[in-house]
Engineer: 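Here's a structure for you.
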Amino acid sequence: MSIINDVVEKVKQKDTDQHEFHQAVKEVMETLETTVKKHPEFVKAKIYERIVEPNRSIIFSVPWVDDKGEVHVNRGFRVQFNNAIGPYKGGLRFHPSVNLSILKFLGFEQIFKNSLTTLPMGGAKGGSDFDPKGKSDDEVMKFCQSFMRELYRHVGPDIDVPAGDIGVGSREIGYMYGYYKKIVNEHTGVLTGKGLEYGGSLIRPEATGYGAVYFAAEMLATRGIDFKDKVVAVSGAGNVAQYAVEKVNQLGGKVITLCDSHSTIVDDSGISGEKYDFVKELKNIRRGRIKEYADKYGSVCFVGNSVWDVIKEQNLKVDIALPCATQNEIDGQHARALVKHGCYCVAEGANMPSSPEAIKVFQDNNLLFGPGKAANAGGVSVSGLEMSQNSLRLAWTREEVDKRLLNIMKEIHKTCLEAAYAYGKKGDYVAGANIAGFLKVAKAMLAYGIV
Ligand code: NDP
Ligand code: 2IT
C-alpha cells in the first residue's frame, strides 16, 4: 500500500479514540488506491492528507431549562468538513451517543455523498448529545433555541445549510428555523427540511427512503429483477424507514420487519395499509415504541433484538435488506445469516449501517450492495433542490421533485458503476461511489491551490 496506509495510520494516531471516524476513513481510503496511481497531481498537492482533516470543528455548550425549572447543559457540535464544491451541507443529529467521532464520520461520508448528487454541496454534520426522548415539546423548543443561539453565527444559505438526521425532524427544524429568523432577521434557506408553509420542499420528508428504494431498484434491474412480491427487511422506524416501507409497498414488495431502539417486530403479512398508517402515527405523533404495533396487530415482537439479530435467530428468509436505523447495526454474523437465508440485495438507507466485515461478506457472496453514501443520497439531494427553490423563490410540484429525485438516483447508480469500471473494480458500488465522489472534490481542491 502507498500513501493510503500512511493517511489511515496518521488519522488513527492523531485522534486515537475516534473509532467511527477511523472506520469511515479506512473504508473510503482503501478504495482510492487506484486513484493514487492515476493522479500523481493529487499526491503532490497532498489531497489525500487534506481531505481527512475537517476545515473546522465547532464545539459549544447548550444550556437549557426543563419544565420543572431545572437547568441542563448539553454539548453542541458542527463539523464543517469540506466546502470545495459548494456550501457546507449535512444533517444535525440529536442522540445521547453523539460525539466528535460520530459527527466526523458522518461529515466525512457527507463529502462524497454530496459530490455524487450532481448538486453543488460541500460536506458537514452536527448535532448534540441531547436526547429528545421523553421531553415535552416545550423542552425540545427551549433546547433547539439554545442550540441555534450559538449555531446561527456559523451557518447561512451560502455558508452552511444544516438539516435533519436521527432525532431531528420537522418539529426540531421548525423551532430552529423560527429562532434563526428571529435573531438574524432574515427569511432565507439556511436549513432544509423546513415545513411547506415556510420554504420547505415537497418530497423532502420522503426523499431518503424513496431514494434508497429507487437505488435498490436500479441495482436489481442490472440482474433483471424488480420489487414485485419480494420479501423486504427494513430496520428503524423513523423518517428513512417509514418512507422506504411506503415506496416498497408502492412497487409491490412486502416489508416484514421494523425496529426501534427497544425492539423488533415481524409481520409476515406485510406492513402496509392501515398498519403502515399506524406506524406513522405512533412514531411521528405519539412518539411511542414499535412494540405497540405487535400488541395491536398480534404480530411477533422481539424485545432487545435488532432486525438483523431476529433474522439470524429466527431463520427468516428475506430477498432484500434495507438497513435504515443507525451505524454498525449489521455485523459479520448478521451478514452471513442474511446470505444464508437468501438475501441478494442490500441498500443502506442509514449511514454506515454495515460493519467492514459485513460489507466483505456481502461482496464476497456477490450480493448487490449499495453503500449509504450512494443509496441514501436522495435525502440530501432533495435538500439541494429545496435550496434551489428557496433561491429561485418558487416551489416545484410533488411530481417535479419526485421526477428529479428519481433521475438523480439513477444518475448516481450509473456514475458508481462507470467509476468502478474505469478504475478496475467492475460492479463494486463501494469503490465506485468513493472514487466518483472523491474525484470531483479532489479536482476542485486542486484548482484552488493550497488554501
Ligand atoms: P429517525 O430519528 O427518524 O429514526 C431513527 C430510527 O432508528 C428510530 O426508529 C430509532 O429508534 C432507530 N434507532 C436509532 N438508533 C438506534 C439504535 N442504536 N438501535 C436501534 N434502533 C435505533 O432518524 P432517520 O430515519 O432520519 O435516520 C436513520 C438513519 O438514516 C441514520 O443513520 C441517518 O444518519 C440516516 N440518514 C438520514 C437521512 C434523513 O434525511 N433523515 C438522510 C440520509 C441518511 P427510536 O424510535 O427508539 O428512537
Ligand atoms: O445523512 C444525510 O444525508 C442527512 N441526514 C441529510 C442531510 C441533508 O442536508 O439533507
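Atoms within each ligand, like the ligands themselves, are counted from 1 in listed order. If you read the sequence from its start, that first residue is 1, and numbering goes on from there.
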Engineer: Salt bridge between Lys104 and Asp15, side-chain N to carboxylate O under 4.0 Å?
Structural biologist: yes
Engineer: Could you tell me whether Lys291 and Asp295 have a side-chain N and a carboxylate O separated by less than 4.0 Å?
Structural biologist: yes
Engineer: Using a strict cut-off of less than 4.0 Å between a Lys/Arg side-chain nitrogen and an Asp/Glu carboxylate oxygen, indicate whether Asp260 and Lys283 qualify as a salt bridge.
Structural biologist: yes
Engineer: Are any protein N/O atoms closer than 3.5 Å to the N/O atoms of ligand 2? If there are, list each pair with names and the distance to one decimal place.
Structural biologist:
| residue | atom | partner | partner atom | Å |
| --- | --- | --- | --- | --- |
| ligand 2 | 1 (O) | Gln110 | OE1 | 3.4 |
| ligand 2 | 1 (O) | Lys113 | NZ | 3.0 |
| ligand 2 | 1 (O) | Lys125 | NZ | 3.0 |
| ligand 2 | 1 (O) | Asn351 | ND2 | 3.0 |
| ligand 2 | 3 (O) | Gln110 | NE2 | 3.0 |
| ligand 2 | 3 (O) | Lys113 | NZ | 2.8 |
| ligand 2 | 5 (N) | Lys125 | NZ | 3.2 |
| ligand 2 | 5 (N) | Gly164 | O | 3.1 |
| ligand 2 | 5 (N) | Asp165 | OD1 | 3.0 |
| ligand 2 | 9 (O) | Lys89 | NZ | 2.6 |
| ligand 2 | 10 (O) | Arg204 | NH2 | 3.0 |
| ligand 2 | 10 (O) | Ser383 | OG | 2.5 |

Engineer: Taking salt bridge (Lys or Arg N to Asp or Glu O under 4.0 Å) as the test, write out the residues that go with Glu386, two or more places apart.
Structural biologist: Lys194
Engineer: For atom 3 (O) of ligand 1, which protein heavy atom lies nearest, and how many Å away is it?
Structural biologist: Asn239 N, 2.9 Å
Engineer: Is the Phe147-Tyr179 ring centre distance short of 6.0 angstrom?
Structural biologist: no
Engineer: Please report which non-hydrogen protein atom sits nearest to atom 18 (N) of ligand 1, along with the residue it belongs to and the distance in Å to one decimal place.
Structural biologist: Thr326 CG2, 3.6 Å
Engineer: With a 4.0 Å cut-off on N to O distance, would you call Glu53 and Arg50 a salt bridge?
Structural biologist: no
Engineer: What's the shortest distance from atom 34 (O) of ligand 1 to any protein heavy atom, and which residue and atom give it?
Structural biologist: Asp165 OD1, 2.7 Å
Engineer: Would you call Glu281 and Arg287 a salt bridge, taking side-chain N to carboxylate O under 4.0 Å as the test?
Structural biologist: no
Engineer: If hydrogens are left out, which of Ala325, Ala377, Ala212, Gly236 has an atom nearest to atom 28 (C) of ligand 1, that is, the closest non-hydrogen atom?
Structural biologist: Ala325
Engineer: Check this for me, if you would: do Lys142 and Asp138 make a salt bridge, where the nitrogen-to-carboxylate-oxygen distance has to be below 4.0 angstrom?
Structural biologist: yes
Engineer: Measure the distance from atom 11 (O) of ligand 1 to every protein heavy atom, then report the residue, atom name and distance (to 0.1 Å) of the closest one.
Structural biologist: Ser261 N, 3.2 Å
